[in-house]
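Just so we're on the same page: letters track the sequence lines, and every chain starts at 1.
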There are 4 protein chains.
Amino acid sequence: MNRVVLIGRLTRDPELRYTPNGTAVATFTLAVDRPFVNQQGEREADFINIVTWRKLAENCAEYLKKGSLTAVEGRLQIRNYENNEGRRVYVTEVVAENVRFLSGTKGRPEEESVEDPFVADSEEVDIDEDELPF
Amino acid sequence: MNRVVLIGRLTRDPELRYTPNGTAVATFTLAVDRPFVNQQGEREADFINIVTWRKLAENCAEYLKKGSLTAVEGRLQIRNYENNEGRRVYVTEVVAENVRFLSGTKGRPEEESVEDPFVADSEEVDIDEDELPF
Amino acid sequence: MNRVVLIGRLTRDPELRYTPNGTAVATFTLAVDRPFVNQQGEREADFINIVTWRKLAENCAEYLKKGSLTAVEGRLQIRNYENNEGRRVYVTEVVAENVRFLSGTKGRPEEESVEDPFVADSEEVDIDEDELPF
Amino acid sequence: MNRVVLIGRLTRDPELRYTPNGTAVATFTLAVDRPFVNQQGEREADFINIVTWRKLAENCAEYLKKGSLTAVEGRLQIRNYENNEGRRVYVTEVVAENVRFLSGTKGRPEEESVEDPFVADSEEVDIDEDELPF
DNA sequence: TTTT
DNA sequence: TTTT
């Protein structure tokens with residue numbers, strides 16, 4: 001079991017890319033406020049990387065933008081790859097399975113829910129991480 | 001909002017340390033199976049770092065060990081610090097607020113639930129990350 | 001372990017009451033959209049009862065109103081009592097521990113997060129359900 | 001958004017039934033310990049109804065039994081129907097989308113995870129609640 | 001490297 | 001109506 005629910009704001013517009021075999025991938029970062037203030041009395045945030053796939057990726061790219069308030073539900077994943085200096089790099093991200101647009105979207109009626117229609121689709125196993133565009 | 005629920009097994013015994021002002025901190029890594037198999041037909045796992053504080057840390061150190069099946073509930077946090085080469089390092093971890101021992105514990109009756117009695121305690125803001133022992 | 005996260009809208013203004021010994025309790029109902037449409041092509045909703053205690057109850061009563069978009073995190077509880085006809089009645093409700101006001105609040109800057117400062121407080125065991133005002 | 005995660009024990013063996021058009025449905029009740037003790041110093045539990053569909057229902061019926069320790073992830077639903085006295089009855093239940101067998105199962109290696117392969121399947125909208133066998 |  |  002591996003479940004994550006976050007509410008926060010996009011730190012920049014989503015980036016939409018495609019894998020070599022044409023699958024859409026959108027990535028963005030959510031600023032999620034911490035539940036307390038630090039020793040300087042400031043509220044800090046965690047900056048959490050989100051990845052979405054297929055139709056959900058396209059919807060996110062279409063409707064979300066920097067500053068959009070967004071709820072994300074998904075699974076925590078730690079991906080690792082060898083970078084171009086031959087060093088192993090670990091990337092932590094939340095693979096979103098359900099994204100809810102809460103406010104500050106582009107053009108779309110606010111607060112629409114968008115389910116990923118492929119969330120439990122067996123196609124998910126076919127993504128070869130070596131082919132990822134990021 | 002920032003909520004994480006995981007079930008997995010410890011990859012090694014927990015490490016218990018203390019901050020300079022005496023607060024207990026336990027860290028361990030959970031291996032959490034992915035919900036699908038990869039292109040080689042193998043089930044991979046994510047290795048997720050867990051941090052617990054105070055009484056909960058001491059309980060985890062006392063009862064958990066390598067291989068313990070464990071449920072963790074908490075908050076996803078991305079901590080960053082400057083390492084000794086002057087480079088900024090980002091550490092992703094789940095700050096556990098509730099840990100349930102499911103099996104394979106040391107000495108304790110299995111499946112006992114342990115709530116962190118300080119979960120929402122304002123004392124939490126007093127931890128100075130520069131003083132962390134890891 | 002018992003964790004619930006909901007996003008929905010209040011079906012009416014919250015009701016604020018006090019137990020005989022003065023503890024604040026607020027109740028309201030959230031309409032939470034289902035993730036699919038029914039056979040008539042309509043999107044239905046679940047109407048979920050929420051209970052909050054103490055300072056969080058007072059904040060909810062102060063800032064939420066009918067129609068407010070709200071995220072609730074808490075614990076699912078099934079309370080039962082004997083009604084005045086001597087019949088046992090079961091009430092299912094979510095005991096909120098964290099409520100986030102997303103939009104449509106009264107007077108308050110939107111999207112403020114409100115943590116229940118007593119979430120893990122041992123005082124919670126002192127509430128005698130026979131004394132509940134509802 | 002509507003997400004529930006529970007860990008508890010079955011109060012009795014699961015019941016497996018079929019809708020008129022042959023879809024498998026399994027129901028059971030989970031006893032989930034409360035995170036505190038009551039005024040008599042006893043730990044109470046909530047008894048939460050779980051519903052599962054299709055292959056997941058058949059797996060639950062096959063491997064779970066009274067007393068099995070089980071983790072359930074799903075969605076909180078309030079179903080209502082008219083009973084045979086013409087009175088509207090409300091049933092609260094968790095529609096499970098992912099069930100993890102933790103211990104005390106029948107015959108199966110413990111702690112196997114079982115994903116519902118139809119979790120986000122559009123077929124889900126085709127279930128006519130008037131045809132439910134319970 | 002970050003959002004309001 | 002409930003489990004360990």
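Across E:dT3, F:dT3, E:dT2, the shortest atom-to-atom separation from the side chain of D:Arg9 is found for F:dT3. Nearest nucleotide to the side chain of C:Arg88, out of F:dT2, F:dT1, E:dT2: F:dT1.
In this structure, B:Tyr90 reaches the sugar-phosphate backbone alone: every heavy-atom distance under 4.0 Å involves primed, P, OP1 or OP2 atoms, never a base.
For the atom pair D:Ile48 CD1 and C:Leu76 CG, the distance stands at 4.0 Å (nearest 0.5 Å).
Separating the CD1 atom of A:Ile50 from the C1' atom of E:dT2 is a distance of 14 Å, rounded to the nearest angstrom. Atom pair C:Met1:CE and F:dT4:P shows a separation of 20 Å (rounding to whole Å applied). Here the P atom of nucleotide E:dT3 and the CZ atom of A:Phe47 are 7 Å apart, to the nearest Å. One can place CG of C:Asn2 at 18 Å from P of F:dT3, the figure rounded to the nearest angstrom. Following rounding to the nearest Å, D:Asp46 (CG) and F:dT1 (C1') show an atom-to-atom distance of 15 Å. Protein atom CG of D:Leu102 is 19 Å distant from nucleotide atom P of F:dT3, rounded to whole Å. For the pair C:Ile78 CD1 and F:dT3 C1', the computed distance is 14 Å after rounding to whole Å. At whole-Å resolution of the value, CZ in D:Phe28 and C1' in F:dT1 are 18 Å apart.
For B:Val5, the side chain to side chain contact (heavy atoms under 4.5 Å, CB included) test picks out B:Glu73, C:Met1, D:Val5, with sequence neighbours left out.
Residue pairs meeting the salt bridge (charged side-chain N to carboxylate O under 4.0 Å, His left out) criterion with at least one member in residues 83-92 of chain D, sequence neighbours excluded: D:Glu82-D:Arg88.
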Worksheet entry | Evaluation steps, salt bridge (charged side-chain N to carboxylate O under 4.0 Å, His left out), between D:Arg3 and D:Glu97 | CA-CA 10 Å; D:Arg3 202 93 306 249; D:Glu97 290 163 4; 2.8 Å; yes
